[in-house]
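Notes follow once the structure below has been shown.
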Amino acid sequence: GSSRARELAVRGAGLRTAPPGANMRDTMHVAGQQRNHVLWLATRSLRAICQCTPAGAAGATEDATAEPRKIRRVLIHFAMEAEGMPLLAELDTLRKDEAGLPNLPALCYSGTYRGLDVVVVMNGQHPIYGVTSVGTTAAAVTAYAAVRRFEPDLLLNAGTAGGFKHRGGAIGDVYVSTSVVMHDRRIPIPGFEEYEKGRLATFVPDGLLKVQSGWKEGIVTTSNSLDYTPEDEIRMRDSGASVKEMEAAAIADVAHQCGVAFMALKVITDIVDGDRPTQDEFTENLGTAAASLQKAVPMALGFIAASHG
Ligand code: SAH
């Protein structure tokens, strides 16, 4: 009957997503020779194979991207050059990686900082439309290609974002993600309730918020739009999000499937539930936010080098 069909659909949704994740992690493990991660990966692969925490179930949010581990190489992913270039002026020993990423307009820079291998990647200019490739498509393909090429232990998505007055957010606030979620993916088919939200826990370095007492933690919500619809607004409120932007949940999904820890560090350029048009506030505050990221990212890297390096 229909309940059997529903059960199969629900299970099917889990089956489609869990095993490829496990396979990818095994491949990454062998290719990367990340021997110190054997136990961590084995536990996770076993869990995925046993489907104790099937993808799409509530358990998925407790997995993976939040796992503390040894961190030697950090991939810092910005969507926009306007966000990332000031950091490159600060970390001036990083050099442009001319090979870049195959078939993508992404820009890559690499070097070391505080004993960590550091790679900075920015999505670059879209080859057809000639503007910065913001949003989830460019973010996901760039993250995937960069993870495969550089095999980082941590993927740090840094950038600008909207904040929420009703959650105490203000322009210039620095947020560390606790989890990510999507607010514009709607798939009203049984079994897709959790997938559409794509909620994933993220890595919060233990004690970071004690050292950086002015920083905040919060849920980051992602969509492909700078503005939002009434339905988006309901979903953003229900999810408990403090930060709205256009890439984090997509990049976290890639990180999760590749077995790489993920965190987002976002500076607020505009107030989503304020009275000024987002695009005006965003443009006005982009420069200051990038300057703030120029200082905030090295602080986060320094903390991670000391605590997990
Ligand atoms: N017209 C802009 C386009 C930037 S789109 C330009 O080319 O300068 C906005 C970018 O900033 C995205 O990468 C997104 O992640 C982030 N962002 C900042 N504030 C946002 C908000 N309120 N909603 C969605 N994304 C936001």
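Note that ligands are numbered from 1 as they come in the structure, with each ligand's atoms numbered from 1 the same way.
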Do you see a donor-acceptor pair shorter than 3.5 Å between the side chains of His77 and Asn123?
-> yes
Taking only heavy atoms of the protein into account, state which residues are under 4.0 angstrom from an atom of ligand 1, in chain and number order.
-> Ala79, Met80, Val134, Thr160, Ala161, Gly162, Ser225, Leu226, Lys244, Glu245, Met246, Glu247, Thr269, Asp270, Thr278, Phe282
What side-chain donor-acceptor pairs closer than 3.5 Å can you find for residues 183-192, not counting sequence neighbours?
from   : atom 1 : to     : atom 2 : distance (Å)
His183 : ND1    : Thr221 : OG1    : 2.8
His183 : NE2    : Ser223 : OG     : 3.1
Asp184 : OD2    : Asn224 : N      : 3.1
Arg185 : NE     : Glu196 : O      : 3.3
Arg185 : NH1    : Tyr195 : OH     : 3.4
Arg185 : NH2    : Tyr195 : O      : 2.6

May I ask you to decide whether Arg149 forms a salt bridge with Asp97, counting only side-chain N to carboxylate O separations under 4.0 Å?
-> yes
Salt bridge Lys216-Asp173, side-chain N to carboxylate O under 4.0 Å | yes
Please set out all donor-acceptor pairs under 3.5 angstrom arising from side-chain atoms of residues 208-215, sequence neighbours excluded.
none

Under the salt bridge (Lys or Arg N to Asp or Glu O under 4.0 Å) test, residues paired with Asp253 that sit two or more places apart | none
